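Just so we're clear, the structure is a prediction, and the values are computed from it rather than from any experiment.
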Amino acid sequence: MDNRYYFSEAKDNFVIISNQEAQHLSRVRRAQIGDEIVAFNGDGYDYNLKIAEITKDKVKAEIISKNLNKATDDTNITVYLSMIKNDALTTAIDNLAELNVKHVKLFKSDYSVAVIDEKKLDKLNQIAIQASKQSERADIMRISIINKNDIEKDCENKITFFAYENSNNKIEKFSGDFAVIVGPEGGFSMEENKYFSLFAKNISLSKTILRAEVACVASVSMLKAVKDAS
């Protein structure tokens with residue numbers, strides 16, 4: 001949505017839109033004082049604003065009203081994704097944001113070929129913000145890095161699944177928050193399969209081998225469909 005913007009600063013019934021968002025407003029959209037726009041800051045609400053001031057790299061706007069975003073979902077969906085190559089990871093982030101995933105936690109698996117550092121993590125979180133704008137979410141999917149051995153404890157309050165190409169398990173009806181673990185194109189090692197089986201149910205997504213970015217979308221879509229039908 002071209003008339004939707006992200007802000008992180010608010011004070012005295014005004015918000016400040018800055019940096020690239022402000023430049024897009026002033027230079028591309030050629031916004032004027034008095035124009036009305038919609039913005040969000042990740043709290044699940046849409047803010048209806050009226051522009052009060054425009055400078056080189058900031059736009060100050062008055063809050064007219066705020067409303068709970070129609071896409072806001074109470075279900076907490078977490079994807080534990082093995083580190084994959086840049087293009088595939090960017091695609092995965094875009095698609096998972098559109099599916100209302102709350103958190104993507106990247107981990108180094110035995111067959112991972114990519115390494116994600118803090119600089120790259122910052123870029124991925126910016127991609128998540130843009131994906132929220134595009135999909136008209138008002139919350140923001142968080143992206144972080146987790147140690148593989150910490151996943152068991154991290155997901156202990158969620159129903160957890162992991163994608164496994166040799167699984168014969170069908171997805172049964174369930175309710176509540178859930179998590180899914182997805183590996184790289186090379187799959188999980190035997191040791192990883194044993195480890196994840198201790199606390200997660202393996203599921204098959206397809207008779208064919210899926211790319212990691214496709215497996216992310218397939219697993220979340222399938223699990224959401226079964227959950228919503230329960």
Side-chain angles (χ1 to χ4, degrees), residues 75-135 137 139-155 158-167 169 171 177-225:
T75 303
N76 191 328
I77 304 172
T78 301
V79 175
Y80 298 93
L81 175 59
S82 173
M83 294 180 182
I84 54 178
K85 292 181 179 179
N86 182 58
D87 289 347
L89 184 55
T90 298
T91 299
I93 296 302
D94 273 332
N95 292 337
L96 292 174
E98 292 175 11
L99 287 170
N100 243 346
V101 170
K102 301 294 185 184
H103 205 152
V104 173
K105 301 190 178 186
L106 305 171
F107 66 95
K108 184 76 172 177
S109 70
D110 291 346
Y111 298 151
S112 291
V113 295
V115 176
I116 307 300
D117 56 19
E118 291 300 323
K119 183 177 180 180
K120 178 61 179 176
L121 193 63
D122 288 341
K123 292 182 179 179
L124 292 173
N125 277 296
Q126 289 300 313
I127 291 172
I129 291 174
Q130 296 304 314
S132 287
K133 289 175 59 177
Q134 181 64 34
S135 59
R137 286 177 64 166
D139 60 341
I140 300 169
M141 185 176 73
R142 294 173 294 159
I143 307 168
S144 60
I145 297 173
I146 189 170
N147 187 292
K148 179 176 64 179
N149 294 327
D150 293 332
I151 294 177
E152 179 178 7
K153 183 177 181 180
D154 192 73
C155 67
K158 300 183 182 71
I159 301 170
T160 306
F161 306 85
F162 76 96
Y164 179 48
E165 64 270 20
N166 294 323
S167 174
N169 292 327
I171 304 174
D177 299 338
F178 69 89
V180 61
I181 306 166
V182 179
E185 281 80 0
F188 293 122
S189 67
M190 186 177 298
E191 289 76 15
E192 287 172 329
N193 281 319
K194 290 180 180 178
Y195 167 60
F196 293 133
S197 294
L198 295 174
F199 59 91
K201 179 178 181 179
N202 63 64
I203 55 173
S204 177
L205 305 177
S206 172
K207 293 182 179 179
T208 58
I209 302 299
L210 304 179
R211 292 182 180 273
E213 65 271 30
V214 177
C216 287
V217 175
S219 59
V220 172
S221 298
M222 291 168 63
L223 291 166
K224 285 186 67 174

Partners meeting side-chain contact (heavy atoms from CB on, under 4.5 Å) with [X] (sequence neighbours left out):
| X | result |
| --- | --- |
| Asn125 | Leu121, Ile143 |
| Asn95 | Thr91, Glu98, Val217 |
| Arg211 | Glu185, Glu213, Val214 |
| Ser167 | Tyr164, Asn169, Asn202, Ser204 |

Do [X] and [Y] touch side chain to side chain, with heavy atoms closer than 4.5 Å?
| X | Y | result |
| --- | --- | --- |
| Ile203 | Leu223 | yes |
| Leu124 | Ile116 | yes |
| Thr160 | Val180 | no |
| Ile151 | Phe199 | yes |

Where do [X] and [Y] come nearest, in terms of heavy atoms and distance?
| X | Y | value |
| --- | --- | --- |
| Arg137 | Leu96 | NH1-O, 4.2 Å |
| Lys108 | Val113 | NZ-C, 4.5 Å |
| Ser132 | Ile140 | OG-CA, 3.7 Å |
| Val79 | Cys216 | CG1-SG, 4.5 Å |
| Phe162 | Ser197 | CZ-OG, 3.6 Å |
| Met141 | Ala97 | SD-N, 3.7 Å |

Legend entry - Which residues share a salt bridge (charged side-chain N to carboxylate O under 4.0 Å, His left out) with Lys224, sequence neighbours left out: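 Listed in chain order: nothing, the list is empty.
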
How many angstroms lie between atom [atom1] of [X] and atom [atom2] of [Y], to the nearest 0.5 angstrom?
| X | Y | atom1 | atom2 | result |
| --- | --- | --- | --- | --- |
| Asp177 | Thr75 | CG | OG1 | 6.5 Å |
| Ile146 | Cys155 | CD1 | SG | 8.0 Å |
| Gln130 | Gln134 | CD | CD | 9.5 Å |
| Ile145 | Glu118 | CD1 | CD | 5.0 Å |

Legend entry - Whether Phe178 and Phe161 hold their rings parallel, tilted or perpendicular, with breakpoints at 30° and 60°: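 Perpendicular.
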
Inset, instruction - Go through the steps to decide whether Asn100 and Ile77 satisfy the test side chain to side chain contact (heavy atoms under 4.5 Å, CB included), and finish with yes or no. - result: CA-CA 8 Å; Asn100 243 346; Ile77 304 172; 5.5 Å; no

Just to verify, what does [X] make a side-chain hydrogen bond (donor to acceptor under 3.5 Å, both in side chains) with, not counting sequence neighbours?
| X | answer |
| --- | --- |
| Ser206 | Thr208 |
| Ser112 | Ser82, Ser109 |
| Asn86 | Lys120 |
| Thr90 | none |

Inset, instruction - Kindly state each residue pair satisfying salt bridge (charged side-chain N to carboxylate O under 4.0 Å, His left out) with at least one member in residues 78-97, sequence neighbours excluded. - result: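 Salt bridge (charged side-chain N to carboxylate O under 4.0 Å, His left out) check on residues 78-97 returns no pairs.
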
Inset, instruction - With sequence neighbours excluded, give me every salt bridge (charged side-chain N to carboxylate O under 4.0 Å, His left out) pair touching residues 140-154. - result: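 Passing the test, one end in residues 140-154: Lys105-Asp154, Asp110-Lys148, Lys148-Glu192.
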
Legend entry - Counterpart residues, ring-ring contact (aromatic ring centres under 6.0 Å, His included), relative to Tyr80 (two or more places apart):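 Expected list: none.
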
